[in-house]
Amino acid sequence: MTITLEDLRPAEGSTHKIKRVGRGRSSGRGKTSCRGHNGEGQRSGNSSKRGFEGGQMPGYRQLPKLKGFQVINKLNYAEINVGRIAQLGMKEICLECLKEAGKAHPSTVGLRVLGNGEITEAVTVKASYVTPSAKEKIEKAGGKVELV
């Protein structure tokens with residue numbers, strides 16, 4: 001069977017009858033022509049501004065202004081203090097080790113070691129950044145610091 005141009009029809013439900021307004025009361029859309037009674041919406045030439053809510057304070061004006069700007073490609077770093085390293089009881093501290101132990105969020109891209117607290121045992125630390133005080137405390141305890 002071949003299909004010709006006469007056989008083509010629009011898909012069922014894809015076409016609708018045109019709403020003919022202002023053609024008398026018996027048309028089903030008479031009198032106010034689907035515009036309601038009085039008010040700005042019934043008048044010709046009505047086109048309300050974007051965000052206009054009929055005189056009510058618009059939503060975008062109710063919210064406070066944002067200060068500054070947001071960094072789109074922000075890099076998240078896991079931060080750990082020297083005192084916390086001692087509590088973990090691990091011989092090697094790296095980002096992957098902390099992620100496996102559930103101590104760092106999966107989206108973090110680097111590890112920063114901060115110098116708050118004390119450490120007594122030797123630990124190998126592999127981090128993106130180590131503060132000078134943290135490096136001094138780790139090496140004083142007999143550990144090693146490697147920047148990755």
- Note on the structure: To the nearest 0.5 Å, atom CG of Asn116 lies from atom CD1 of Ile80 at 12.0 Å
- Task: Mind checking side-chain hydrogen bond (donor to acceptor under 3.5 Å, both in side chains) for Thr4 and listing every partner two or more places apart, or none if nothing turns up?
- Result: Glu6, Asp7
- If you link I, L, V, M, F, W and Y whenever their side-chain heavy atoms are under 4.5 Å apart, who else ends up in the same group as Val109? Leu75, Tyr77
Just list the side-chain donor-acceptor pairs under 3.5 Å for residues 24-33, sequence neighbours left out, or say none.
{"from": "Ser27", "atom 1": "OG", "to": "Gly24", "atom 2": "O", "distance (Å)": "2.7"}
{"from": "Ser27", "atom 1": "OG", "to": "Arg29", "atom 2": "N", "distance (Å)": "3.3"}
{"from": "Ser33", "atom 1": "OG", "to": "Gly22", "atom 2": "N", "distance (Å)": "3.2"}

- Note on the structure: Residues passing the side-chain hydrogen bond (donor to acceptor under 3.5 Å, both in side chains) test with Glu121, sequence neighbours excluded, are none
- Leu147 and Leu111: same hydrophobic cluster, using ILVMFWY side-chain contacts below 4.5 Å? yes
- Message: Could you report the tightest heavy-atom contact between Val82 and Ala134, atom names first, then the distance?
- Response: CG2-CB, 3.6 Å
- Which residues satisfy the side-chain hydrogen bond (donor to acceptor under 3.5 Å, both in side chains) test with His37, sequence neighbours excluded? none
- Task: Report the hydrophobic cluster partners of Tyr129, with the cluster defined as I, L, V, M, F, W, Y residues connected by side-chain heavy atoms closer than 4.5 angstrom, directly or transitively.
- Result: none
- For the residue pair Gly142 and Ala122, what are the closest heavy atoms and their distance? O-CB, 3.4 Å
- Closest approach of Gly51 and Pro58, non-hydrogen atoms and distance? O-CB, 3.5 Å
- Query: How would you list, by chain and number, every residue that makes a side-chain hydrogen bond (donor to acceptor under 3.5 Å, both in side chains) with Glu12, sequence neighbours excluded?
  - Reply: none
- Do side-chain atoms of Lys137 reach the backbone of Gly83 as a donor and acceptor pair under 3.5 angstrom? no
- Only pairs at least two apart or in different chains count here, so list each side-chain hydrogen bond (donor to acceptor under 3.5 Å, both in side chains) that has a residue in residues 55-75. Glu53-Gln56
- Side-chain cluster (under 4.5 Å, hydrophobic types only) that Leu8 belongs to, other residues: Ile3, Leu5
- For Ile18, which fellow cluster members are found when Ile, Leu, Val, Met, Phe, Trp and Tyr are connected by side-chain heavy-atom distances below 4.5 angstrom, either directly or through intermediates? none
- Query: By salt bridge (charged side-chain N to carboxylate O under 4.0 Å, His left out), which residues pair with Arg112, not counting sequence neighbours?
  - Reply: Glu79
- Does Val145 share a hydrophobic cluster with Val123, counting links as ILVMFWY side-chain heavy atoms below 4.5 Å and allowing steps through other members? yes
- Task: Quick one: closest heavy-atom pair of Thr131 and Gly115, and the distance?
- Result: OG1-N, 3.4 Å
Atom pairs and distances, donor-acceptor, side-chain atoms in residues 84-105, under 3.5 Å, two or more places apart:
{"from": "Arg84", "atom 1": "NH1", "to": "Gln87", "atom 2": "OE1", "distance (Å)": "3.2"}
{"from": "Glu92", "atom 1": "OE2", "to": "Lys126", "atom 2": "NZ", "distance (Å)": "3.4"}
{"from": "Lys99", "atom 1": "NZ", "to": "Pro106", "atom 2": "O", "distance (Å)": "3.3"}
{"from": "Lys99", "atom 1": "NZ", "to": "Thr108", "atom 2": "O", "distance (Å)": "3.0"}
{"from": "His105", "atom 1": "ND1", "to": "Ser107", "atom 2": "N", "distance (Å)": "3.1"}
{"from": "His105", "atom 1": "ND1", "to": "Ser107", "atom 2": "OG", "distance (Å)": "2.9"}

